[in-house]
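Take a look at the structure set out below.
Note on naming: letters A, B, ... go to the chains in the order of the sequence lines (proteins, then strands), and numbering restarts at 1 for each one. Owing to the predicted nature of the structure, the values given are computational and were not obtained by experimental measurement. Values below: all heavy atoms of this structure, side chains included; hydrogens, waters and symmetry mates excluded.
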Amino acid sequence: MKASKGTLYNHLKIEKKWQKEWDAAKTYQTEKGTKKKKMYVLDMFPYPSGAGLHVGHPRGYIGSDVYARMKRMEGFNVLHPMGFDSFGLPAEQYAIQTKKHPGPFTDKLVAQYKKQLEIIGFSYDWDREVSTHRPEYYKWTQWIFLKLYDAWYDSKKNKARTIAELISIFEKSGNKSVAAVTDANTPLFSAKEWQAFSAMEQQELLMRYRLAYEGFAEVNWCEELGTVLANDEIVDSPTGPVSERGGFPVIKKAMRQWFMRITAYADRLAADLEPLDWPSNIKEIQKNWIGKSEGSEIPFDIQAESDDKESIASVSVFTTRADTLFGVTYMVIAPEHALVQEWQNAISNWKEVSAYIQKVAQKDDTERMSTDKEKTGVQLKGLVAINPANGEAVPVWIADYVLASYGTGAVMAVPAHDERDYAFARKYGLPIREVVEPLFKKTGDKDGVKESLPFKKRHAAVAVIKHWKDDTYLCLKWKKTDWRGFVIGGIETGESAADAAAREIVEETGYTSAEMVKEVSGTVHAQFYHAVKEENRWAHFHPVVFQLKNGDQVETAESEKEIHDIVWVSKNEMETYLSWVGDMQLIWKRAFDEGASSQEGILVHSGDFDGLDSAAARAAVTKLVGGKAVTKYKMRDAIFARQRYWGEPIPLQHAANGLIVAMKEKQLPLVLPKVASYAPSGNGESPLAGVKSWVKEGYETNTMPGWAGSSWYFLRYMDPTNSKAFASEKAVDYWRDVDMYVGGAEHATGHLLYSRFWHKFLYDMGFVPTKEPFKALRNQGMIGGADGRKMSKRWGNIVNPDEVVKLYGADSLRLFEMFLGPFDSHLPWSTEGIIGSRRFIERVWRLAQKLDEKASDKSVQKSIHKTIKKVTEDIAQFAFNTSVSALMICLNEMEKGKVSTKDFALFLQLLAPFAPHIADELWNASGQKGSIHRSSWPKHNPKLLIEDEVTIGVQVNGKVRAEITVAADATKESLEAAALALPRIQEFLSGLTVRKIIVVPGRVINIVAA
RNA sequence: GCCCGAGUGGUGGAAUGGUAGACACGGAGGACUUAAAAUUCUCUGCCCUCACCGGCGUGUGGGUUCGAGUCCCACCUCGGGCACCA
């Protein structure tokens, strides 16, 4: 320990020294041609923003760096790279403002950003750095695009295949037998017809199959800004939607766009989430985003209401609730639905209808989709739809609450069991018909108890009775079982629910002034064990609401009084009071707010299906009416174009004859041309449209969106300089996939989904060996300002890491960011808090100068080995805060006793991932050779962890009353005896009888006494 | 509205169903110092108490259990996602 003896800890000197040393020795260089096992630890690469870093940014990088460093010491060949997602808006804005090319500016930002990262002491292999804006990189982004353009999705083989294969199928047998993911309404053709099509016609048909395809999309167009806006760049105003910047009007406009057919992969994207080691909320978000829903398509005949009942079309509806088909009281079609136009002649109120269609068309998406907007619609008079289940003719409406883009663009309306249909039906006076009774199956059903009458025959009225004066309601509480609920009585033949309830009120409670307020529509179906009558019962409950006029009461039969008490419960307390009586609770709810009940249950009023449960009914009903089971997804195809300059050019050429020519691999990269102006062209096209030479060649003027370059960058790190492929086969075979991916949760539905999509495509085409790109994922939480607000210029609460490093050192910063709290929690920065980390580091430094050359105390040894175990386990689980805490505890212990140089070195190794500079300094000062970061990670000695004595708590009736220190291997009997012998325990037990003693070895003894 | 997740001291947080509050910040008091900083020692959930003893305590109300921050039910608050997806 000679070198640092007596010297003060100077973080500036030490950190600089070691960063230089590591750089020179290539300490963190990924090994090539090694037999070691691979470990790919990846950070989401940043956009090199000009604003620079604040202390929140490096948090994720520090976490992954700690992890990577431990893995490296554990003997893995670690790939831990960093790069830059360098196409993007800020550089584009800069170019527009300064009229300078964004390239050099971006290079400068990259350099700046890199410098800021370097002083924190990450173990990146900078030889593998990539930037998405460099032509050597985006050549391969373009190459992947071309592969996607040259592919279609075979839904039978469930994988992507090349367009050449598709063409050969078309030539042989047309498209009738091709099961593919394609545009809606793709026409069918035979082989002969295919061969007769013109090149242009063939191109258009193929476009319907390609995974990268051209189509039209409605976009938010802002004339004044001359640009397309994203949904979140638009705000509502009294005059309609306007741009957030400037407040200029925004309209919907159909524009030519490139798309990615990500929907082809919807099912696999959802299914393959399951085995991934990802945070469950991210999986959940992706699952919801994909929005898989299984249901049925059911054909409805549309008839003109004229004398001959002429059938004019068949319209399929998509529903997840085929079990409610008998409850259909009308049908709704999206206003944009093409068929509506075709029916013009059959619709008697066409004027009204077409006016409505126009009105809806003018609304933009944000308005149409806005939350509590009232639904509107118009009936298509002169038409009816025939319910295939019962042949009933129901009215047909168009309404803006039905989306043309989902399902079939038409729905069967079941107001009794769908909230939206309910609201609409109420507004327009359409009938509501209940066909499913919510079912409650209560726990406590007993096997072997005789069943009562079949469910159809048992009907019971339930009376919800309001007090004559107070705002309370009558409940009965059964004395024998504590069951609670309302007054219930069987309905006799020929009796109405109201009559039965009224009769029962007098019988059970004696109150004579009950007056019916309303009969609640919709019955509740319960299957329960009747604890009083001791049998399993099924019942239809018919809720009826009553009001007592006064407190007049007649004497009830003794038998009734014995069974239950009357309890008055207020409205507020009712839900709690009934918390475990599910059916009564539902009756209570329905008594006050009527509405649609979307719960599943048992079918009623459904012909032969009565008595079936929803799940069984769905299959049976679908089958009966000739419908088919189908799966739909919420996710839409992704737009793959931006009308901007600063992005990857799309490598396609439009020939003069309108045909699209894909560029050849050897022509790539297609490099961005020089332009006179970076500003938007003003007609919705990118600045590239203003470049004569570019347009003359017929190049695409759209550029790729931001997510193109980031969807595959992790593959490039495997072999970053390869000019013949995005990465060599050998490299891809070795590195395969990312073992640990660290980044923000905000990318859940963007980058993380798009990357998976591209990766699966590359897998289908045989370019990568794994189905998924990221085996494990961890999200870092954000660090907010000390004031609890988001760190931003606006609040003046930004803390700059450069300054923190200068003041306290990179090691202190790293340690503190890991110690602050759980890795994935959002936490406020604390200027005082970092002092604790700095103190810890200084104490380590001081301890290094007081080491004993001989042996450590036994307690110190034990403590170190305990820490080895804890830190190793915790880093593996990204529990960095508790690892740091364990290191602190260990230091506290070491300071209390003698520590040998050898044992201290173990501690330094544990510290190394968190505080790499000081660890290497002290490691080398103690005479060790080479960098600590290339040493092998210590293993704990289990023998040292065995305790011979333990202190455990002694409880009396669950409360700790004393402590007792005993031999670790003490028998149960001796523990019991020792515990009972304690004077304190004796005190608590006086006057009580010991009933039971529970002994949890090494933990606690609980004496149960009464 | 629907779907997730979280609520623990003054603060950040810790705790395989088994002694709640580890570790750290902050605070109070003492030592060292002419003094301050640094360092170091003691105390620090709340209530009662000089102190001991004791009581209370993990958002609220119930439940399961010998024992619940942890499991179950309902509610409240906050954060995130979706937003007429039939």
Rounded to the nearest angstrom, tell me the gap between atom [atom1] in [X] and atom [atom2] in [N].
X: A:Asn281; N: B:C2; atom1: CG; atom2: P; answer: 20 Å
X: A:Gln286; N: B:C82; atom1: CD; atom2: C1'; answer: 14 Å
X: A:Glu746; N: B:G81; atom1: CD; atom2: P; answer: 10 Å
X: A:Asn1006; N: B:G17; atom1: CG; atom2: P; answer: 18 Å
X: A:Leu820; N: B:A24; atom1: CG; atom2: P; answer: 15 Å
X: A:Lys850; N: B:U40; atom1: NZ; atom2: C1'; answer: 11 Å
X: A:Asn957; N: B:G67; atom1: CG; atom2: P; answer: 8 Å
X: A:Met818; N: B:A14; atom1: CE; atom2: P; answer: 14 Å

Between A:His11 and A:Tyr9, how do the two ring planes meet: parallel, tilted or perpendicular, split at 30° and 60°?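 Geometry flag for A:Tyr9 against A:His11: tilted rings.
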Ring geometry between A:Trp397 and A:Phe424 (parallel below 30°, tilted from 30 to 60°, perpendicular above 60°):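 If you compare the ring of A:Phe424 with that of A:Trp397, the planes turn out perpendicular.
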Gap in Å between the two [atom1] atoms, one belonging to [N] and one to [M], rounded:
N: B:G57; M: B:A51; atom1: C1'; value: 23 Å
N: B:A36; M: B:G61; atom1: P; value: 49 Å
N: B:C73; M: B:G80; atom1: P; value: 25 Å
N: B:C75; M: B:C84; atom1: C1'; value: 28 Å
N: B:A83; M: B:C2; atom1: C1'; value: 8 Å
N: B:C43; M: B:U8; atom1: P; value: 27 Å
N: B:A22; M: B:G5; atom1: C1'; value: 25 Å
N: B:U77; M: B:G59; atom1: P; value: 16 Å

Could you go through A:Leu752 and A:Trp278, starting from their C-alpha distance and side-chain angles, then the distance that decides it, and tell me whether this counts as side-chain contact (heavy atoms from CB on, under 4.5 Å)? CA-CA 11 Å; A:Leu752 285 171; A:Trp278 283 24; 4.2 Å; yes
What are the atom names and distances for every N/O pair under 3.5 Å that joins the protein to nucleotides 25-32 of chain B?
residue: B:C25; atom: OP1; partner: A:Arg839; partner atom: NH1; Å: 2.6

Consider the side chain of [X], meaning its heavy atoms from C-beta on, and name the nucleotide among [options] that approaches it most closely.
X: A:Trp289; options: B:G18, B:C82, B:C84; result: B:C82
X: A:Lys996; options: B:A86, B:C66, B:U40; result: B:C66
X: A:Thr951; options: B:G18, B:U19, B:C23; result: B:U19
X: A:Asn288; options: B:C82, B:G18, B:C3; result: B:C3

Report, as yes or no, whether the 6.0 Å neighbourhood of atom [atom1] on [X] holds more than 12 heavy atoms from other residues, nucleotides or ligands.
X: A:Lys628; atom1: NZ; answer: no
X: A:Lys292; atom1: NZ; answer: yes
X: A:Lys287; atom1: NZ; answer: no

Heavy atoms within less than 4.0 Å of RNA chain B: which residues of residues 406-419 of chain A have one? Give them sorted by number. A:Tyr406, A:Val411
Assess whether a salt bridge exists between A:Arg838 and A:Glu842, defined as any Lys/Arg side-chain N lying under 4.0 Å from an Asp/Glu carboxylate O.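 Salt bridge: yes.
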For A:Asp874 and A:Ser883, which heavy atoms make the closest approach, and how far apart are they? CB-OG, 3.2 Å
Using a 4.0 Å heavy-atom cut-off across all strands, classify [X] as base, sugar-phosphate, or nothing.
X: A:Ile997; answer: nothing
X: A:Lys375; answer: base
X: A:Ile889; answer: sugar-phosphate
X: A:Phe424; answer: nothing

Strictly below 4.0 Å: does [X] bring a side-chain N or O up to OP1 or OP2 of [N]?
X: A:Arg838; N: B:U39; answer: no
X: A:Asn881; N: B:G12; answer: no
X: A:Ser293; N: B:A86; answer: yes
X: A:Arg961; N: B:G55; answer: yes
X: A:Lys959; N: B:G57; answer: no
X: A:Asn892; N: B:A22; answer: no

Verify side-chain contact (heavy atoms from CB on, under 4.5 Å) between A:Val436 and A:Glu600, making sure each step is shown before the conclusion. CA-CA 7 Å; A:Val436 176; A:Glu600 303 205 344; 5.6 Å; no
Identify the nucleotide, in any strand shown, that forms a Watson-Crick or G-U wobble pair with B:C46, with both distances under 3.5 Å; if there is none, say none. B:G55
Below 4.5 Å, heavy atoms only, C-beta onward: do A:Trp289 and A:Met635 meet side chain to side chain?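 The answer is yes; the side chains approach within 4.5 Å.
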Of A:Gly953 and A:Arg984, whose nearest nucleotide on RNA chain B comes first from the 5' end? A:Gly953
A:Thr749 vs A:Ala886, nearer the 5' end of RNA chain B by closest nucleotide: A:Ala886
Test side chain to side chain donor-acceptor pair (under 3.5 Å) on A:Arg843 and A:Asn892 and set out the steps. CA-CA 9 Å; A:Arg843 278 165 58 200; A:Asn892 289 345; 2.5 Å; yes
Output all residues satisfying ring-ring contact (aromatic ring centres under 6.0 Å, His included) with A:Phe880, sequence neighbours left out; order by chain, then residue number.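 Here the qualifying residues are A:Phe823, A:Phe878.
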Please work out whether B:G9 sits syn or anti, treating a glycosidic angle within 90° of 0 as syn. syn
